[in-house]
Amino acid sequence: MDIKDIRNLIAQMTLEEKAGLLSGQDFWHTKPVERLGIPRTMVSDGPHGLRKQDEEGDHLGINDSIKAVCFPAASATAASFDPELLEKMGEALGEACQHEKLSVLLGPAVNIKRSPLCGRNFEYFSEDPYLTGVMATALIKGIQSKNVGTSIKHFALNSQEHRRMSSSSDCDERTIREIYFPAFEMAVKEAQPWTVMCSYNRVNGVYASENPWLLTDVLRKEWGFEGYVMSDWGAVSNRVAGVAAGLDLEMPASGGINDRKIVEAVRAGKLDEKAVDLCCERILNIVFRFVENAKPETPWDMEAQHLLAAEVAAECMVLLKNEDDLLPLSKEEEIAFIGEFAEKPRFQGGGSSHINCFRTTGAVEAAKEQGLKVVYAQGYSVKADDAPADMIAEAVAAAKKAKVAVVFAGLPDSYESEGYDRSHMRMPESQNRLIEAVAEANPNTVVVLHNGSPVEMPWIGKVKAVLEAYLGGQAVGLAQVKVLFGDVNPSGHLPESFPMKLEDNPSYLFYGGEPRGTEYREGIFVGYRYYDKKKMDVLFPFGYGLSYTTFEYSNLKLSAESIKDTDTLTATVTVKNTGKRAGKAVVQLYAGDTEGYMNAVRPVRELKGFRKVELQPGESKEVTFTLCKRSFAYWNTQIHDWYVETGDFAIEVGDSVANLPLRATVKIESTTELPRHFDLDSIVMDVMADPKANAIMGEFLKKAFAIFSIADENQTEAAQEAISDDMGEAMMGYMPIRGTLSFGGGAVPEEMMLDMLKKMNEA
Ligand code: BGC
């Protein structure tokens with residue numbers, strides 16, 4: 001239906017019908033207006049599978065949802081560093097939605113992993129906004145290619161679960177723009193999600209659900225979002241303010257209460273009816289886009305999707321340690337699989353994203369199906385934190401007999417869930433003790449981890465290999481066996497830093513916050529941006545991941561030595577497989593401002609490009625990255641825009657933020673002139689650093705303050721010692737130019753200074 005027809009329909013609706021359309025009919029449906037032929041549509045969670053509940057569906061998932069396929073959660077898929085894979089997974093999800101007549105899948109969730117503690121980290125991609133943006137954009141493209149909508153969520157700054165429905169995320173403008181917005185921005189600009197879901201929390205005091213800056217100024221006017229905004233479930237506080245701010249759809253149903261408030265506000269002249277019409281227009285546009293492209297006959301081949309889920313999971317696993325090339329395992333030897341997760345893996349998180357899987361495959365089952373010589377010992381119970389002695393004894397006995405012991409460990413459901421945060425970064429004591437005991441019994445011990453976020457690894461020095469499987473979806477066991485036994489060469493890289501301990505995390509002092517909210521005081525220094533700048537040791541750095549082969553990076557070439565900030569720059573690099581197995585490298589490019597005097601405080605380097613490259617043994621490929629202004633810019637709060645400071649920038653390439661063997665430099669010239677204002681309180685060094693101001697006042701200032709800058713030979717030694725050249729220079733640099741008046745003892749006329757300032761400000 002085109003926009004004219006939609007507007008026609010709206011013109012025929014009563015105010016009550018229009019207000020009614022702006023909230024759900026129930027938990028999962030938009031409202032129909034039958035007399036006008038407006039159908040209802042259904043939305044469902046998401047994001048890594050379908051959680052379609054029955055007609056009486058309840059939010060908490062007490063009612064069963066339909067059987068579906070659970071793909072790896074975002075914490076895992078981010079580790080693939082493979083947007084094409086995510087697009088493929090999105091297509092599968094889109095087909096399932098078409099089959100199930102779902103108009104919108106509620107995801108992806110792109111909140112930044114600010115702290116390892118966030119209960120919902122497993123659903124989020126990364127601590128890095130660029131990686132998050134690229135992966136989310138690909139998933140959205142995949143799902144929407146099947147004419148099904150997505151709902152990128154939770155907009156915005158929803159990086160904790162603690163007090164999630166009332167807390168204010170208090171954050172400065174630059175940090176919001178550089179860290180917490182870019183994933184939403186990239187997805188909106190490059191993939192136009194059909195809907196956006198606003199978050200529960202407030203942003204700098206104003207609920208996201210009634211925040212005009214967020215929902216209208218930034219989302220629509222700046223980024224060009226065309227779809228509708230829905231509230232997170234129960235996120236509406238003041239519905240009338242929400243309509244005015246740009247919140248189109250309240251979810252779920254409000255029992256008519258808020259609809260009536262909208263009607264009353266319009267009748268009382270407190271809300272413009274045009275705002276109501278606009279919300280209707282945006283909702284109907286998407287409703288009809290889905291209805292007119294619905295294909296319920298689309299097959300949903302769950303068996304095939306189970307295998308796809310395994311394929312995706314295998315691409316996501318990160319090999320963190322592999323001493324003596326213990327992995328891959330031999331298919332001929334006896335291997336002990338130890339730990340409850342080997343049989344019943346933890347592969348998804350609790351809460352709204354929880355999928356009712358039509359099948360799950362654990363590692364024990366997958367290994368047995370392949371006829372591998374695997375023995376199993378439970379080792380611990382996810383229900384208890386202490387380690388029963390008999391379970392440990394059984395595990396130790398199995399480990400002693402086997403060639404290699406593989407402990408399947410990680411976080412139980414209760415440790416990590418939507419709705420609340422973790423209070424520490426540890427694994428259950430039962431599992432830590434089990435790993436220690438097994439490693440003592442068998443020096444060839446491997447740990448496979450199931451978790452949505454970093455954990456402390458007190459046993460890291462005692463085991464030979466560690467494979468991070470994140471929350472790998474319902475077919476995770478299949479994928480684990482493929483990776484452990486070498487059918488798939490691991491190629492995942494960490495989408496987040498693993499700190500040594502929780503206290504090292506930059507948000508540690510402020511995370512969670514006071515009753516009113518949480519202050520994002522670490523600012524832009526989230527994750528590796530902090531550890532890198534502080535030169536801190538981490539357990540594993542951002543971007544890190546091993547392979548069963550080795551890669552070599554060489555020949556970094558830039559298309560130019562110097563560019564303007566409006567130009568693009570290409571960087572090419574060669575990557576070679578120097579080992580004996582085929583494998584996939586994740587080539588990462590970081591950019592960083594290397595200098596200078598006027599620079600804003602910046603991270604040393606930031607991820608600005610990555611590419612997953614498959615290589616046969618001995619094969620080389622050239623990879624090209626295109627960089628643009630945004631690759632070098634920071635958010636300048638003076639102009640409220642992206643800004644590149646003139647100067648040298650380093651381009652570094654390698655396989656993690658901590659291993660960047662290639663480096664080149666490009667000089668970038670800014671084409672934006674920042675507004676300048678000089679007055680009598682401006683200091684000498686700022687005037688001299690500005691070429692135009694310096695041309696007018698520089699010489700004069702040098703003469704006026706010569707007393708500071710030139711060491712006087714006639715001075716006594718004592719006087720020379722008291723004020724060194726460096727100090728003299730600093731004193732002059734920091735001197736307000738009004739000093740020329742006072743120090744000059746009236747010799748410099750004030751009018752002359754004011755006249756020069758006027759010229760400087762007009763220059
Ligand atoms: C969650 C959303 C989810 C919605 C519907 C909320 O509690 O925050 O992510 O989509 O419920 O289940």
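In each ligand, atom 1 is the first atom listed, and ligand 1 is the first ligand listed.
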Ligand 1 contact by [X], heavy-atom criterion under 4.0 angstrom:
{"X": "E123", "result": "no"}
{"X": "M251", "result": "no"}
{"X": "F27", "result": "no"}

Counting each atom of ligand 1 from 1 as listed, which ones have a heavy atom of [X] under 4.0 Å away?
{"X": "K153", "result": "2 (C), 3 (C), 9 (O), 10 (O)"}
{"X": "E418", "result": "1 (C), 6 (C), 7 (O), 8 (O)"}
{"X": "Y200", "result": "6 (C), 7 (O), 8 (O)"}
{"X": "H154", "result": "2 (C), 8 (O), 9 (O)"}
{"X": "D232", "result": "1 (C), 2 (C), 3 (C), 4 (C), 6 (C), 7 (O), 8 (O), 11 (O)"}
{"X": "W28", "result": "5 (C), 12 (O)"}
{"X": "S352", "result": "1 (C), 2 (C), 3 (C), 9 (O), 12 (O)"}
{"X": "R51", "result": "12 (O)"}

Presence of salt bridge, [Y] and [X], under 4.0 angstrom:
{"X": "E250", "Y": "R239", "answer": "yes"}
{"X": "K31", "Y": "E17", "answer": "no"}
{"X": "D248", "Y": "K18", "answer": "no"}

**OP:** Can you sort out the partners of E190 under side-chain contact (heavy atoms from CB on, under 4.5 Å), two or more places apart, ordered by chain and number?
**Re:**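 Applying side-chain contact (heavy atoms from CB on, under 4.5 Å) to E190 gives T137, M186.
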Original post:
N204: what forms a side-chain contact (heavy atoms from CB on, under 4.5 Å) with it, not counting sequence neighbours?
Top reply: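 With sequence neighbours excluded, N204 shows a side-chain contact (heavy atoms from CB on, under 4.5 Å) to D170, I176, given in chain and number order.
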Original post:
Is the shortest heavy-atom distance from the side chain of Q474 to the side chain of I355 under 4.5 Å?
Top reply: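 Not in contact.
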Original post:
Given side chains that start at C-beta, do those of P116 and N505 come closer than 4.5 Å, heavy atoms only?
Top reply: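 They are in side-chain contact.
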Original post:
Should the proximity of M230 to ligand 1, defined as any heavy atom under 4.0 Å, be assigned to the side chain, the backbone, both, or neither?
Top reply: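 Near ligand 1, M230 shows nothing, with every heavy atom at 4.0 Å or more.
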**OP:** Could you tell me whether D45 and ligand 1 have an N or O pair separated by under 3.5 Å?
**Re:**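 Yes, D45 has an N/O under 3.5 Å of an N/O on ligand 1.
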Subject >> Test log, rule side chain to side chain contact (heavy atoms under 4.5 Å, CB included), inputs D26 and R40 >> reply: CA-CA 11 Å; D26 52 32; R40 65 179 201 160; 3.8 Å; yes
Subject >> Between Y207 and Y200, ring centroids under 6.0 Å >> reply: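 No - the distance between ring centres of Y207 and Y200 does not fall below the 6.0 Å cut-off.
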